[in-house]
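Beneath this line is the structure, given in structure tokens, with notes to follow.
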Amino acid sequence: MTIEALPFFFPVPSMLVVATIAKLLAEIALLAFAGQWVVGLLAGAARDSNPFYRVLQGVGLPWVKAARWISPRVVIDRHLPLVAFLVLLLVWVAAAIAKVRICLEIGVALCK
């Protein structure tokens, strides 16, 4: 499907904005999960009392709840952050591909 075939109520710049926002939100959450993992490794068993770990855990909590909602009950709660990370990684890849396709169709000069 080309950009020209889309209905008139989806102008190209708004599609680019949606793809950019989706990519940005996924990047923030992915970095929060990665940071939480690194701080958890460094802090060890005392990670729950670490304020940085708690902040990063708070940033990732909505995504973990969404992962519980979409995953089957067989997935245990301990694995939900990994499920959320993988789903966000998939969203990030899809948004990046969409952004590149839109930029190639409208011209790279309009994507700056």
Side-chain angles (χ1 to χ4, degrees):
M1 177 182 224
T2 63
I3 294 293
E4 293 81 25
L6 293 173
F8 68 94
F9 53 88
F10 282 121
V12 174
S14 66
M15 290 175 49
L16 182 61
V17 169
V18 169
T20 303
I21 289 173
K23 187 173 174 281
L24 178 65
L25 287 175
E27 286 171 353
I28 291 170
L30 285 169
L31 287 173
F33 280 121
Q36 184 181 356
W37 180 72
V38 169
V39 172
L41 281 178
L42 294 174
R47 66 178 171 245
D48 289 329
S49 63
N50 189 318
F52 297 110
Y53 185 84
R54 302 285 291 169
V55 167
L56 293 172
Q57 192 176 32
V59 171
L61 186 63
W63 304 105
V64 173
K65 287 184 179 182
R68 168 47 61 203
W69 187 70
I70 65 171
S71 64
R73 295 289 170 210
V74 177
V75 178
I76 59 176
D77 289 340
R78 195 175 77 175
H79 295 157
L80 287 177
L82 178 62
V83 171
F85 182 84
L86 294 174
V87 169
L88 283 166
L89 190 61
L90 182 66
V91 167
W92 182 84
V93 168
I97 291 171
K99 186 175 176 181
V100 168
R101 291 181 82 191
I102 292 169
C103 286
L104 288 176
E105 286 190 23
I106 66 171
V108 179
L110 294 175
C111 286
K112 291 184 179 180

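In this text, all values refer to a predicted model and were calculated from it rather than measured experimentally. The figures here come from the full heavy-atom set of this structure, side chains too, leaving out hydrogens, waters and symmetry mates. One-based numbering along the sequence shown.
Taking 4.0 Å as the cut-off between side-chain N and carboxylate O, K23 and E27 count as a salt-bridged pair.
In the hydrophobic clustering, where aliphatic and aromatic side chains (Ile, Leu, Val, Met, Phe, Trp, Tyr) are joined below 4.5 Å either directly or transitively, V100 groups with L104.
A pairwise comparison of heavy atoms in R68 and V75 identifies NH2-O, 2.6 Å as the closest pair. For F33 against G60, the heavy-atom pair with the smallest separation is CZ-O, 3.6 Å. Shortest non-hydrogen contact noted between A29 and L88 is CB-CD1, 3.4 Å.
Grouping the Ile, Leu, Val, Met, Phe, Trp and Tyr side chains by contacts below 4.5 angstrom, directly or via other members, places V83 with W92. Taking hydrophobic clusters as Ile, Leu, Val, Met, Phe, Trp and Tyr residues chained together by side-chain heavy-atom distances below 4.5 Å, V108 does not share a cluster with I102. Connection of I21 to I28 is not established within any shared hydrophobic cluster, with ILVMFWY side chains joined at heavy-atom distances below 4.5 Å, either directly or through further cluster members. Hydrophobic clustering, with ILVMFWY side chains joined whenever heavy atoms are under 4.5 angstrom apart, groups L89 together with L80. Cluster annotation: L82 is not connected to L41 through the hydrophobic network of ILVMFWY side chains, with a link wherever side-chain heavy atoms come within less than 4.5 Å.
Scored by the side chain to side chain contact (heavy atoms under 4.5 Å, CB included) test, D48 finds Y53 as partners (sequence neighbours excluded). The side chain to side chain contact (heavy atoms under 4.5 Å, CB included) test applied to A32 returns L56, V59, not counting sequence neighbours.
Considering only heavy atoms from C-beta on, T20 comes within 4.5 Å of K99 through its side chain.
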